[in-house]
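What follows is one structure encoded as structure tokens, with my remarks underneath.
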Amino acid sequence: MADYRKLWESLDMDLEKHDQLCAVLPEFYGDIYLSQENRPEGMNYYNFVVSEIHGFRIQELAEHRKKGGKVFGSFCIYVPDELIVAAGAIGVGLCGGSDFWIPDGEKVLPRNICPLIKASVGAKISGTCPYFQSADILVGETTCDGKKKAWEILGKYTPIHVMDLPQMKRGKDKIHWIDELKIFKDLVEKMTGNEITEEKLKEAVKLINEKRRVLQRLYNTRKSEVLPISGKDALLITQIAFYDDPKRFIEKTSELCEELEDRIKKGISVFEENTPRILVTGTPMAIPNWKLHHIIETSGGAVVCEETCTGIRYFERLVKEAESIEEQMEAIADRYLSINCACFTPNDGRIEDIIRLYKEYKADGVVYYNLPFCHTYAVEYNKVKEALDNEGIPVIMIESDYSLQDVGQIKTRLEAFFEMIKTSK
Ligand code: BJ8
């Protein structure tokens with residue numbers, strides 16, 4: 001890796017602590033990813049992106065900012081990328097997925113709060129995440145209580161704008177959400193000094209839709225009986241989609257899809273025949289949270305789809321392309337409000353999605369993943385389980401944080417779950 005120390009210094013990072021973080025990642029990644037057999041050639045690009053996770057892309061962000069460009073950091077898939085891109089700015093997803101940041105998060109947050117929030121706050125206050133350091137502004141949202149209050153803490157360290165996301169989907173909620181989008185559009189225009197014109201917004205909608213389409217194409221290959229890619233690799237690609245340059249990401253992922261489609265034609269699978277096919281549903285898995293997928297795929301299962309924000313929810317629905325700015329803003333509002341997050345009530349659309357995806361991806365069972373202290377997803381499990389029981393779909397709930405202490409216990413539970421699926425097949 002090139003020497004980026006000057007760059008990190010310019011971002012006011014804690015270099016000593018950052019060295020500790022960088023020291024663990026290669027081995028961790030090697031054990032989980034590079035140990036896989038028969039990986040598609042096209043995964044080399046994503047290996048490169050991970051090896052340069054705090055280098056190459058950070059350099060690009062720095063060059064963009066040197067030319068006067070702005071970087072917006074976000075934590076939720078309700079924040080509309082289209083408006084950021086239309087103003088010539090760059091958006092990066094900032095959710096923290098590493099245990100490394102938890103102790104720093106716990107310095108300012110209660111211990112009994114979701115690890116995603118603790119890690120995100122810890123990443124900022126420890127000065128060890130160059131993405132946080134490169135963001136000119138953070139964009140929060142009012143999705144869950146933990147996040148809502150965490151923005152007040154993060155606001156002491158960096159500028160932050162909070163979008164007031166409604167938690168119901170009635171007509172008046174949509175009107176409110178369009179209003180929030182307009183406030184955000186004004187902010188983006190003010191910060192960048194660039195007007196979001198009809199033309200620019202159309203181009204941005206096209207680009208982000210294209211990114212969604214390529215992810216859909218990737219996921220379509222996982223519907224095949226012949227699984228050309230592991231769930232772990234697919235998860236990594238989606239995680240990278242949150243911060244990579246969209247055009248390059250589309251190009252590289254299209255190349256990979258060609259390879260995967262060819263593998264399907266040739267019958268090249270990365271799993272043995274009759275491996276139980278698993279749909280994962282639940283809370284997001286921010287990079288480098290690969291824990292559950294790794295356990296599933298080393299315990300006799302194969303992940304075929306994620307009904308999560310680091311999966312289907314991020315890209316399944318497109319923004320309708322419209323003519324005027326007003327129509328386009330409304331289409332953006334519709335698309336984002338169609339995401340089914342457990343912070344909404346009621347949220348029956350998610351249950352319909354899970355059952356539909358289970359069938360589309362020919363899954364054999366569902367693993368419901370919950371980060372500890374995420375109440376909305378934990379409570380929603382009850383309703384999801386009831387619906388899946390009615391359909392005769394096997395489901396297991398795994399609640400786990402980023403630490404590795406419970407790996408053995410989860411493995412034992414999952415092995416038993418997969419055995420049960422196999423015998424009932
Ligand atoms: S759209 S899932 S990204 S809010 S931080 S809610 S895990 S307690 S991340 Fe989310 Fe947007 Fe919904 Fe998706 Fe729970 Fe933790 Fe809150 Fe979380």
Side-chain angles (χ1 to χ4, degrees), residues 72-81 91-99 101-102 105-106 109-124 138-154 160 162-169 173 177 180 184 212 215 235 238-239 241-243 280-287 289 291-292 306-317 333 335-347 349-351 353-354 368-381 384 397-402:
F72 287 70
S74 62
F75 302 86
C76 176
I77 59 167
Y78 281 100
V79 175
D81 284 336
V92 287
L94 289 178
C95 284
S98 168
D99 219 20
W101 290 314
I102 300 282
E106 286 180 350
L109 293 166
R111 291 192 70 197
N112 54 350
I113 198 171
C114 156
L116 196 145
I117 301 173
K118 285 195 280 192
S120 301
V121 171
K124 175 63 205 173
L138 306 185
V139 188
E141 15 55 49
T142 52
T143 42
C144 69
D145 289 350
K147 278 201 206 174
K148 249 185 322 210
K149 300 310 286 180
W151 308 143
E152 294 171 19
I153 294 179
L154 272 178
I160 186 159
V162 180
M163 297 185 79
D164 183 15
L165 182 76
Q167 296 182 359
M168 293 179 84
K169 295 181 181 177
D173 299 308
W177 183 232
E180 279 298 307
F184 184 58
R212 292 185 183 117
L215 282 162
L235 171 66
T238 313
Q239 290 170 333
F242 280 81
Y243 66 91
V280 169
T281 180
T283 46
M285 296 166 180
I287 202 165
N289 179 8
K291 180 175 165 181
L292 182 69
E306 295 83 16
E307 190 283 315
T308 65
C309 294
T310 40
I312 285 284
R313 270 183 239 142
Y314 180 50
F315 57 78
E316 205 185 23
R317 295 163 174 100
R335 186 269 163 192
Y336 282 89
L337 272 189
S338 72
I339 299 170
N340 295 317
C341 172
C343 64
F344 279 82
T345 185
N347 191 34
R350 177 166 169 241
I351 297 176
D353 283 347
I354 294 171
Y368 196 109
Y369 172 64
N370 214 81
L371 286 167
F373 310 108
C374 178
H375 302 315
T376 51
Y377 280 88
V379 173
E380 199 157 280
Y381 176 65
V384 171
M397 152 80 108
I398 301 287
E399 181 161 284
S400 181
D401 61 13
Y402 300 158

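Just so you know, ligand 1 is whichever comes first in the structure, and atom 1 is the first atom listed for that ligand.
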Contacting atoms of ligand 1, where contact means under 4.0 angstrom from a heavy atom of [X]:
| X | answer |
| --- | --- |
| Cys341 | 1 (S), 2 (S), 4 (S), 12 (Fe) |
| Cys76 | 1 (S), 3 (S), 4 (S), 11 (Fe) |
| Tyr78 | 1 (S) |
| Cys309 | 1 (S), 2 (S), 3 (S), 13 (Fe) |

Inset, instruction - For Lys291 and Ser400, indicate whether the former's side chain and the latter's backbone hold a donor-acceptor pair under 3.5 Å. - result: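 Side chain of Lys291 to backbone of Ser400: no pair is present.
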Inset, instruction - Say whether, by atom type as modelled, one donor and one acceptor occur between the side chain of Thr310 and the main chain of Met285 under 3.5 angstrom. - result: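 Looks like yes, one N/O pair under 3.5 Å.
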Inset, instruction - Over 60° means perpendicular and under 30° means parallel, so classify the ring planes of Phe242 and Tyr314, tilted if in between. - result: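 Rings of Tyr314 and Phe242: parallel, under 30°.
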Inset, instruction - Determine the interplanar angle of the Phe72 and Phe184 rings, folded into 0 to 90°, and report it as parallel if under 30°, tilted if 30 to 60°, perpendicular if over 60°. - result: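 Rings of Phe72 and Phe184: perpendicular, over 60°.
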Legend entry - Tyr402/Leu371 under side chain to side chain contact (heavy atoms under 4.5 Å, CB included): CA gap, chis, key distance, verdict: CA-CA 9 Å; Tyr402 300 158; Leu371 286 167; 3.8 Å; yes
Legend entry - Part of Pro284 with heavy atoms under 4.0 Å of ligand 1, whether side chain, backbone, both or neither: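 Side chain only.
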Legend entry - Closest protein heavy atom (residue, atom, distance) for atom 2 (S) of ligand 1: Tyr377 OH, 3.4 Å
Inset, instruction - Give me the one residue out of Asn289, Thr308, Thr281, Thr283 that meets side chain to side chain donor-acceptor pair (under 3.5 Å) with Tyr369. - result: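 With Tyr369 as partner, side chain to side chain donor-acceptor pair (under 3.5 Å) holds for just one option, Asn289.
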Legend entry - Tally, protein N/O/S atoms nearer to atom 16 (Fe) of ligand 1 than 2.8 Å: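 For atom 16 (Fe) of ligand 1, protein nitrogen, oxygen or sulfur atoms under 2.8 Å: 1.
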Inset, instruction - Look up atom SG in Cys144 and atom OH in Tyr377, then write down how far apart they are to the nearest 0.5 Å. - result: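 Nearest 0.5 Å value for the SG-OH distance: 10.0 Å.
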Inset, instruction - Quick one: pull up CZ in Phe75 and NZ in Lys147 and give me the separation to the nearest 0.5 Å. - result: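 Between atom CZ of Phe75 and atom NZ of Lys147 there are 8.5 Å.
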Taking only distance into account, with no hydrogens and no angle test, what donor-acceptor pairs under 3.5 Å do side-chain atoms of residues 109-121 form with protein atoms, sequence neighbours excluded?
unit_1, atom_1, unit_2, atom_2, d
Lys118, NZ, Glu106, OE2, 2.8
Lys118, NZ, Arg111, O, 2.6
Ser120, OG, Gly96, N, 2.9
Ser120, OG, Leu116, O, 2.7

